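Structure record follows, encoded as structure tokens.
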Amino acid sequence: MGIRFVVMVNKQGQTRVAQYYEHLSVDERRALEGEIVRKCLARTDHQCSFVEHRNYKVVYRRYASLFFLVGVDNDENELAILEFIHLLVETMDRHFGNVCELDIMFHLEKVHFMLEEMVMNGCIVETSKQNILAPINLMEKT
């Protein structure tokens, strides 16, 4: 399947965006988020950006005050997922202009829409920033 979840958290560990591509109950999601956020935030900048947790491989990257965590299958390419995270941040930067935590909080539906344009059923289906943002730009015109 590939990508299992995408979670964005701030430095305090508060979840700002969570998108799951497999069924987990609310309690399972809460527990999973708490575990991986504690594990990733406790790591130093000198450690690699890949962590194995349960049956997932978690690839994460920090941009300013936000951590982007992506849970994938164990056979997924970590560098490709790091590139996906970078593409997501670049896409949000293009739309919001130097994206920050407040942009994500106040425009949560747009962030989810971008993720839905990029990932379908756990597979990356779109990598063109222009194609990802086109429907959002059309919605804003009306």
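The first residue in the sequence is number 1, and the count goes up from there. Model, not experiment: these values are computed from the prediction.
Identified under the salt bridge (Lys or Arg N to Asp or Glu O under 4.0 Å) test for residues 129-142, with sequence neighbours left out: Glu90-Lys129, Lys110-Glu140. The salt bridge (Lys or Arg N to Asp or Glu O under 4.0 Å) pairs that include a residue from residues 50-66 are Glu35-Arg54, Lys57-Glu78, where partners are two or more places apart or lie in different chains.
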Practice task
Evaluate the criterion side-chain contact (heavy atoms from CB on, under 4.5 Å) for residue pair Val119 and Val125; output intermediate values, then yes/no.
Solution key: CA-CA 6 Å; Val119 181; Val125 294; over 6 Å; no
Problem - Audit row: Val17, Val7, side-chain contact (heavy atoms from CB on, under 4.5 Å) steps and yes/no - result: CA-CA 6 Å; Val17 175; Val7 178; over 6 Å; no
Problem - Criterion side-chain contact (heavy atoms from CB on, under 4.5 Å) on Arg16 and Gln14, from CA distance to verdict - result: CA-CA 6 Å; Arg16 296 300 178 206; Gln14 298 167 317; 3.0 Å; yes
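Side chains of Phe84 and Thr127 form no contact here, defined as non-hydrogen atoms less than 4.5 Å apart. Contact annotation: the side chain of Leu115 approaches that of Tyr21 to within less than 4.5 Å [non-hydrogen atoms, C-beta and beyond]. Inter-residue side-chain proximity for Ile136 and Met114 is flagged as met; some heavy-atom pair is nearer than 4.5 Å. Val51 is not listed as a side-chain neighbour of Ile36, based on a closest heavy-atom distance of 4.5 Å or more. No side-chain heavy atom of Glu33 sits less than 4.5 Å from a side-chain heavy atom of Val9. Considering only heavy atoms from C-beta on, Ile132 stays 4.5 Å or farther from Met92 through its side chain. In this structure, the side chains of Cys40 and Val58 come closer than 4.5 Å at one or more pairs of heavy atoms. Using a 4.5 Å cut-off on side-chain heavy atoms (C-beta onward), Val59 and Leu82 make contact.
The hydrophobic cluster containing Met118 also contains Ile81, counting ILVMFWY residues as joined when their side-chain heavy atoms lie under 4.5 angstrom apart, directly or transitively. Residues Leu88 and Val111 are members of one and the same hydrophobic cluster, defined by side-chain heavy-atom contacts under 4.5 angstrom among Ile, Leu, Val, Met, Phe, Trp and Tyr.
Closest of all the heavy-atom pairs between Cys48 and Tyr60 is O-OH, 3.3 Å. The two residues Ser65 and Glu101 have their closest heavy-atom pair at OG-OE1, 3.8 Å.
By the 30° and 60° cut-offs, the orientation of the rings of Phe68 relative to Tyr63 is perpendicular. Using a 30° and 60° split on the angle between ring planes, Phe5 and Tyr20 fall in the tilted class, from 30° to 60°.
In this structure, Asp103 contributes its side chain and Cys100 its backbone to a donor-acceptor pair below 3.5 Å. A donor-acceptor contact shorter than 3.5 Å is absent between the side chain of Asn10 and the backbone of Leu66. Looking at Glu126, its side chain does come within 3.5 Å of a backbone N or O of Ser128 through a donor-acceptor pair. A donor-acceptor pair under 3.5 Å is absent between the side-chain atoms of Asp73 and the main chain of Asp75, judged by distance alone. Listed for the Arg29 side chain is a donor-acceptor partner under 3.5 Å among the backbone atoms of Leu24.
The environment of CD in Gln47 is crowded: more than 12 heavy-atom neighbours from other residues, nucleotides or ligands sit within 6.0 Å. Counting non-hydrogen atoms of neighbouring residues, nucleotides and ligands closer than 6.0 angstrom, the CE atom of Met139 exceeds 12 such neighbours.
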